[in-house]
Amino acid sequence: MPLQIYKRGRVYWAKGWIEYNGRPIAGPYRRSTKASTEEGARDWINHETERQIRRYVVGDEPSKTFSDAIMLYNASPKAAKQLIPIVEAIGDLSLGAISGALLKSLGPKLKPKASTDTWWREIVTPASAVINNAHELEGTPLIRVKPYDKFERIAQDKRRGKLSRVERTPADKEWIEAFCRAADPYNAALVRFMFETAARIDQAVSLEPDDLRPHENKVRVKAQKGHPESWITVSPQMMDELLALPAKRPKNRKTGKLMKARVFGYGSSTGYNTRWKTICKRAGIQYLSAHPAGRHGFFTELVVRQGVDPVTAAKAGRWSDPNLPMRIYAHAETDEADVRARFRTNHVQEGPVQIPKQQKSKKE
């Protein structure tokens, strides 16, 4: 039976055989086309039919290499930069010869002083995306890579003499107020905005005047990390602070051209660093970068200090899973010595209970 399509749930599947000159040459198929429309499913069948007929007529084609897979991949500028040294290292290898262990072994070679988290983020993840994209388009081998375990992370930290995953210090209200007293209006409003909304630094510095709805106390934050663009509600005091800032046009550091006007006046997500270090030094407080000052501070303030339930706090901070911020963003604030002291605290003991004597009966 020639390939036919049928729907299972929201996805179309293909079943049957691929035929050439009236005889089956590939199959039987009972496979998802991964298409949510009938048109997409038919495109998959046409592509698969052409591939199998070509294979039947001319034989197996030479295996695609990692360099071939790169040409199929629509990489962002950031991913393209990460992929350059990877292509130089394994570009000539066939996709079938590339294993998860091989990708993980590139870390010590390409970035010997980096952490395992950096290896995963900047080597394993982009390389896997290229390979699996080729699998989707050309049917080449799929790859799955086991993450670095804690023993590999600890061993690499020891080799480079530096700890990864250092515990971050979240901002609290006292830190925010001390920072704002020493800051200019733009940076004071910026840190308050992130502490109140859990906005990421890139979302905050990207705000333009059109992203404000003063009458509704709403601010539009751009899409990021899998979350769509959304309008979030801020306090009336926060909106007043934002409206009081004359918009500035920052300069693009690479091109030298002026960018569109922005609420906080920064042109990139790293432009604040030097200024914040100066403000913290002037205020006599510990330097905190935007993430612990904003996102970490937001969740710890609500859940640990104010007792808001994690589900509500996660929704307000735009986390899709409350378990994630509880694991990463909620910081315990009880001193360890205080916890240990609880075991040595003398409990208040009640006096012995006096049981009244029963009066003897007259018969006794």
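- Donor-acceptor pairing under 3.5 Å is recorded for the side chains of Tyr266 and Asn187.
- Using a distance-only test at 3.5 Å, with no hydrogens or angles considered, a donor-acceptor pair links the side chain of Arg318 to the main chain of Thr197.
- No side-chain heavy atom of Thr169 sits less than 4.5 Å from a side-chain heavy atom of Pro292.
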Please walk me through it: do Ile232 and Ser230 pass side chain to side chain contact (heavy atoms under 4.5 Å, CB included)? CA-CA 6 Å; Ile232 60 176; Ser230 60; 4.1 Å; yes

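- When atom types are taken as modelled, the side chain of Ser67 and the backbone of Gly91 share a donor-acceptor pair closer than 3.5 angstrom.
- Within the 4.5 Å cutoff, the side chain of Phe193 has heavy atoms near those of the Val219 side chain.
- Tyr29 does not carry Lys15 over the face of its six-membered ring by the limits of under 6.0 Å from the centre and within 45° of the normal.
- Checked against ring pair (Phe, Tyr, Trp, His ring centres under 6.0 Å), Phe298 has no partners two or more places apart in sequence or in another chain.
- Inspection of the Lys218 and Thr233 side chains reveals an N or O donor paired with an N or O acceptor under 3.5 Å.
- Checking Thr118 against Ser115 by side-chain atom types alone, a donor-acceptor pair falls below 3.5 Å.
- Here the CD atom belonging to Glu177 is positioned 9.0 Å from the CZ atom belonging to Phe195, to the nearest 0.5 angstrom.
- Aromatic ring centroids of Phe179 and Trp276 lie under 6.0 Å apart.
- At a cut-off of 3.5 Å, with distance as the only test, no side-chain donor of Ser164 or Asp117 sits close to an acceptor on the other residue.
- The two residues Val205 and Ser268 have their closest heavy-atom pair at CG2-O, 3.8 Å.
- Rounding to the nearest 0.5 angstrom, the gap separating the CD1 atom in Ile285 from the CZ atom in Arg181 is 8.5 Å.
- In this structure, CD on Glu39 lies 11.0 Å from OH on Tyr12, to the nearest 0.5 angstrom.
- With hydrogens and angles disregarded, no donor-acceptor distance shorter than 3.5 Å links the side chain of His296 to the backbone of Ala290.
- Looking at heavy atoms from C-beta onward, Ile5 lies in side-chain contact with Arg42 at the 4.5 angstrom threshold.
- Checked for salt-bridge contact, Lys222 and Asp211 miss the test: no charged N lies under 4.0 Å from a carboxylate O.
- Put simply, Leu302 and Ile176 are part of two different groups of oily side chains (I, L, V, M, F, W, Y) that touch within less than 4.5 Å, one to the next.
- Considering every non-hydrogen atom in both Met194 and Ala204, the closest pair reads CG-CB, 4.0 Å.
- Remark: side-chain polar atoms of His135 are not paired, donor with acceptor, to backbone N or O of Pro141 under 3.5 angstrom.
- Considering only heavy atoms from C-beta on, Glu152 comes within 4.5 Å of Asp149 through its side chain.
- When the shell of 6.0 Å around CD of Gln306 is examined, it contains more than 12 heavy atoms from other residues, nucleotides or ligands.
- By the neighbour-count criterion of 12 heavy atoms within 6.0 Å, atom CG of Asp184 is densely surrounded, having more than that number from other residues, nucleotides or ligands.
- With hydrogens and angles left out, the side-chain atoms of Gln156 and Arg159 include a donor and acceptor closer than 3.5 Å.
- Note on Arg220 versus Asp210: no salt bridge recorded, every NZ/NE/NH1/NH2 to OD/OE distance being 4.0 Å or above.
- Across every non-hydrogen atom of Ala313 and Phe299, the tightest pair is CB-CE1, 3.7 Å.
- Counting non-hydrogen atoms of other residues, nucleotides and ligands closer than 6.0 Å to CZ of Phe151 gives a total of 12 or fewer.
- Residues Glu138 and Leu72 come closest through the heavy atom pair CG-CD1, 3.6 Å.
- Contact detail for Ala283 and Ala182: the closest heavy-atom pair is CB-CB, 3.7 Å.
- Between Thr312 and Asp309, the side chains place a donor N or O and an acceptor N or O closer than 3.5 Å (distance only, hydrogens not considered).
- Here OG of Ser99 is found 10.0 Å from NZ of Lys104. Values are rounded to the nearest 0.5 Å.
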Ile201/His291 under side chain to side chain contact (heavy atoms under 4.5 Å, CB included): CA gap, chis, key distance, verdict: CA-CA 7 Å; Ile201 181 62; His291 208 56; over 6 Å; no

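- In the hydrophobic clustering, Leu102 connects to Phe66, Ile70, Tyr73, Leu83, Ile86, Val87, Ile90, Leu93, Leu95, Ile98, Leu103, Leu106, Leu110, Trp119, Trp120, Ile123, Val124, Val130, Ile131, Ile143, Val145, Tyr148, either directly or through intervening members, whenever side-chain heavy atoms lie under 4.5 Å apart.
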Asp157/Arg160 under side chain to side chain contact (heavy atoms under 4.5 Å, CB included): CA gap, chis, key distance, verdict: CA-CA 5 Å; Asp157 287 349; Arg160 69 196 189 111; 3.3 Å; yes

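- Ion pairing of Glu38 with Lys7 is absent here, as no side-chain N (NZ or NE/NH1/NH2) approaches a carboxylate O to less than 4.0 Å.
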Carefully, step by step, assess Ser94 and Lys64 under the rule side chain to side chain contact (heavy atoms under 4.5 Å, CB included). CA-CA 6 Å; Ser94 68; Lys64 289 190 179 295; over 6 Å; no

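- The OH atom of Tyr6 lies 5.5 Å from the CH2 atom of Trp13; values are rounded to the nearest 0.5 Å.
- In this structure, OG in Ser269 is found 11.0 Å from CD in Gln203, a value given to the nearest 0.5 Å.
- Checking Thr270 against Asn273 by side-chain atom types alone, no donor-acceptor pair falls below 3.5 Å.
- Ser235 and Glu196 share a donor-acceptor pair across their side chains, judged by distance under 3.5 Å alone.
- Side-chain contact between Thr65 and Asp92 is absent, with no heavy atoms from C-beta onward closer than 4.5 Å.
- Asp172 is listed as a side-chain neighbour of Arg305, based on a closest heavy-atom distance under 4.5 Å.
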Atom pairs and distances, donor-acceptor, side-chain atoms in residues 238-251, under 3.5 Å, two or more places apart:
residue: Glu241; atom: OE1; partner: Arg192; partner atom: NH1; Å: 3.2
residue: Glu241; atom: OE2; partner: Arg192; partner atom: NH1; Å: 3.4
residue: Arg249; atom: NE; partner: Met259; partner atom: O; Å: 2.9

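- In this structure, the side chain of Thr140 engages the main chain of Ala134 through a donor-acceptor pair within 3.5 Å.
- Under the 4.5 Å side-chain criterion, counting only non-hydrogen atoms from C-beta, Ser206 is not in contact with Phe264.
- For the pair Leu3 and Ala14, the tightest heavy-atom approach, listed with the atom from each and the gap, is CD2-CB, 4.3 Å.
- Proximity of Gln82 to Ser76: side-chain heavy atoms (C-beta onward) are nowhere separated by under 4.5 Å.
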